[in-house]
Amino acid sequence: MSFFHELAHQYIDGEWRTGSGSWDIIDFNPYNGEKLAAVTVATALEVDQAYRAAERAQQEWAATNPYERRAVLERALRITGERADEIAEAIIDELGGTRLRAAYEVRGASEVLREAVRQSLRPTGRLLPAVSDGRENRLYRLPVGVIGVISAFNFPFLVGMKSVAPALALGNAVVVKPHQSAPVVGGGLIARIFEDAGLPAGLLNVLITDSAEIGDAFIEHPVPKVISFSGSDRVGRHIAATAAGFFKRTILELSGNSALVVLEDADIDYAVRAAVFSRFLYQGQVSMAANRILVDRSVAAEFTERFTAAVAALKSGDPRDPETRIGPVVNAFQADALTALVDRAVADGATALVRGRTRGNVVEPTVLTDLPDDSPLLTQEILGPVALLMTFDGEDEAVSIVNDSPYGLSGAVHTGDAERGVRFAQRIVSGMFHVNDSTVQDDPLVAFGGEKTSGVGRLNGEAVVEAFTTQKWMSIQHGRSVFPF
């Protein structure tokens with residue numbers, strides 16, 4: 001536990017500190033309830049100190065040779081690889097992630113870092129034609145300055161890296177506020193990696209705190225120009241509205257209600273495996289998870305039999321057991337809420353094809369079908385191991401059902417004809433959609449984000465250049481302009 005006590009601190013201007021707040025955030029192991037660490041919260045004073053440190057350090061960092069920035073990112077990538085097992089253990093202890101899920105996150109974060117190494121040498125400008133004789137137009141791409149990052153609990157190491165690594169690579173400084181349930185994996189661990197990689201002090205700061213202590217100070221502070229947030233659409237709305245009042249740019253990765261669609265010509269066994277993974281990875285606490293599984297009526301009986309058997313066979317319990325597929329949800333509140341949600345759905349007429357028990361924070365998988373058309377479960381995000389199984393007649397009805405959601409993050413369709421799947425995907429309003437695969441996909445080269453209330457903006461690849469840089473036009477008149485007066 002010394003690992004957690006060491007990293008469960010504020011990290012400001014290159015120093016590990018104790019917050020000056022009057023209360024502590026307690027970091028618990030969600031499986032066994034063990035206290036991992038206590039963190040005294042940061043106050044608005046520390047928010048100001050962190051942002052001011054970032055502001056001072058960023059100017060010199062932006063002027064640093066890109067090859068020097070790349071060297072820091074390369075060392076961070078190497079350190080992450082060397083500490084992969086240690087990081088995975090922290091994910092298991094702090095987040096209740098299974099070993100499979102922990103390896104998935106470490107691998108994803110490593111790929112993000114690998115891409116950030118390349119992004120550090122991105123072109124910094126270009127020449128454009130001019131309408132006037134003798135004029136030269138230069139368009140410079142510059143770092144925005146300081147970026148505030150607010151991450152969620154479900155994939156905090158990966159999600160944090162998705163903003164931190166490219167932002168630093170492109171010449172920015174960053175202040176991170178990790179989720180209260182992930183202060184180490186989403187904050188201290190990232191800071192330690194970059195500290196050991198030789199990142200200059202002040203460029204990366206971590207504040208462990210809560211809005212109950214600092215209000216909107218993290219968003220309203222005058223230094224950050226971009227706020228990158230991952231979390232619920234409810235909180236995202238507030239962040240967007242608050243940031244807009246201060247003319248700040250926002251990158252919002254929000255909730256989802258994704259669907260996995262099985263057409264009548266799909267490979268049923270393969271579709272079952274994809275659906276089980278899409279719904280139950282990390283206990284379903286994934287914004288891209290397949291809340292809704294839609295199956296053509298002509299193959300529904302076969303799919304349902306195989307799917308429910310596969311779900312019922314998933315081992316629940318201790319996330320340290322390599323055979324465990326369903327570990328604990330993040331806390332007791334979530335466990336109770338999921339249990340009540342299933343009870344209410346059944347009381348309202350849904351049929352439980354698989355009905356899991358709740359043991360502590362371990363919520364066993366449930367599969368519901370025959371939900372009433374007006375069931376709120378059909379349009380909300382479910383962050384837990386509860387699958388909704390639905391049938392449809394033909395592609396048009398499937399498209400209508402998928403799009404009948406306030407969210408538009410991810411999704412998938414399974415079919416024996418890949419181009420048919422592409423045509424289906426083109427009809428869905430979402431930021432991402434996958435043919436013959438899982439709904440849970442992330443690629444460091446490809447723009448990641450959602451439509452509708454699933455978010456604004458994109459991360460990864462070329463998208464982070466747009467997110468974390470600004471453009472400056474500079475013209476040079478080599479001759480003489482003619483002025484009208």
From [X] [atom1] over to [Y] [atom2], what is the distance, rounded to the nearest 0.5 angstrom?
X	Y	atom1	atom2	answer
Phe4	Leu36	CZ	CG	5.0 Å
Arg344	Leu341	CZ	CG	10.0 Å
Ser375	Leu368	OG	CG	8.5 Å
Ile79	Leu113	CD1	CG	10.0 Å
Arg292	Thr379	CZ	OG1	8.5 Å
Thr80	Arg75	OG1	CZ	13.0 Å

Going by an N to O cut-off under 4.0 Å, is there a salt bridge joining [X] and [Y]?
X	Y	value
Arg70	Glu74	yes
Asp321	Arg99	no
Asp27	Lys35	no

Would the distance check show the side chain of [X] and the main-chain N or O of [Y] forming a donor-acceptor pair, the cut-off being under 3.5 Å?
X	Y	result
Gln49	Asp13	no
Arg279	Gly384	yes
Ser181	Phe153	no
Glu105	Phe157	yes
Asn460	Val446	yes
Glu115	Val112	no
Asn403	Ile428	no
His179	Pro156	no
Glu94	Val185	yes
Asn29	Glu34	no

Show the nearest heavy-atom pair for residues [X] and [Y], with the distance to one decimal.
X	Y	answer
Ile293	Ala387	CD1-CB, 4.2 Å
Gly96	Pro319	O-CB, 3.7 Å
Gly256	Leu409	CA-CB, 4.2 Å
Pro166	Val464	CB-CG2, 3.8 Å
Val39	Gln10	CG1-NE2, 3.9 Å
Gly19	Thr40	O-CG2, 3.3 Å

For this session: Report yes or no: is the cationic atom of Arg101 (NZ for Lys, CZ for Arg) under 6.0 Å from the centre of the six-membered ring of Phe155, at an angle within 45° of the ring normal?
Result: yes
Heavy atoms, side chains only, cut-off 4.5 Å: are [X] and [Y] in contact?
X	Y	result
Pro444	Arg114	no
Ile87	Asp85	no
Ser430	Ser410	no
His221	Glu55	no
Leu338	Pro385	yes
Asn205	Val176	no
Arg249	Thr470	yes
Phe307	Val276	yes

Would you please say whether a donor-acceptor pair under 3.5 Å links the side chains of [X] and [Y]?
X	Y	value
Asp318	Thr324	no
Ser278	Ser438	yes
Thr439	Ser258	no
Glu220	Thr242	no
Trp23	Glu213	yes
Ser230	Glu253	no

For this session: Just do the side chain to side chain contact (heavy atoms under 4.5 Å, CB included) check on Leu73 and Leu77 with the steps written out, would you?
Result: CA-CA 6 Å; Leu73 271 296; Leu77 173 61; over 6 Å; no
For this session: Could you walk me through whether Thr339 and Thr358 pass side-chain hydrogen bond (donor to acceptor under 3.5 Å, both in side chains), step by step?
Result: CA-CA 7 Å; Thr339 304; Thr358 298; 2.7 Å; yes
Problem set entry | Neighbour count above 12 (heavy atom, 6.0 Å) for Arg78 CZ | yes
Exercise. Would one find more than 12 heavy atoms of other residues, nucleotides or ligands at under 6.0 Å from atom CD of Glu60?
Worked result: no
For this session: Identify which one of Gln380, Arg234, Glu381 satisfies the side-chain hydrogen bond (donor to acceptor under 3.5 Å, both in side chains) criterion when paired with Ser255.
Result: Glu381
Seminar exercise, completed: So salt bridge (charged side-chain N to carboxylate O under 4.0 Å, His left out) across residues 161-180, not counting sequence neighbours, yields Lys162-Asp442
Problem set entry | Evaluation steps, side chain to side chain contact (heavy atoms under 4.5 Å, CB included), between Tyr11 and Arg17 | CA-CA 6 Å; Tyr11 183 70; Arg17 307 184 190 176; over 6 Å; no
Problem set entry | Given Arg141, Arg122, Arg458, the one that forms salt bridge (charged side-chain N to carboxylate O under 4.0 Å, His left out) with Glu466 | Arg141
Seminar exercise, completed: Sorted by chain and residue number, the salt bridge (charged side-chain N to carboxylate O under 4.0 Å, His left out) partners of Asp233 (sequence neighbours excluded) come out as none
For this session: Any chance you could lay out the side chain to side chain contact (heavy atoms under 4.5 Å, CB included) test for Asp24 and Ile26, step after step, and finish with the verdict?
Result: CA-CA 6 Å; Asp24 292 349; Ile26 308 299; 4.1 Å; yes
Problem set entry | Derivation of the salt bridge (Lys or Arg N to Asp or Glu O under 4.0 Å) call for Arg357 and Glu364 | CA-CA 5 Å; Arg357 301 168 299 163; Glu364 295 176 344; 2.9 Å; yes
For this session: Under the side-chain hydrogen bond (donor to acceptor under 3.5 Å, both in side chains) rule, what do Asp216 and His238 come out as? Steps first, then yes or no, please.
Result: CA-CA 10 Å; Asp216 288 329; His238 175 75; 2.9 Å; yes
For this session: Applying side chain to side chain contact (heavy atoms under 4.5 Å, CB included), run through Ser163 and Leu459 and close with a yes or a no.
Result: CA-CA 8 Å; Ser163 288; Leu459 292 176; 3.8 Å; yes
Problem set entry | Proximity of Tyr282 and Tyr104 rings by center, below 6.0 Å | no
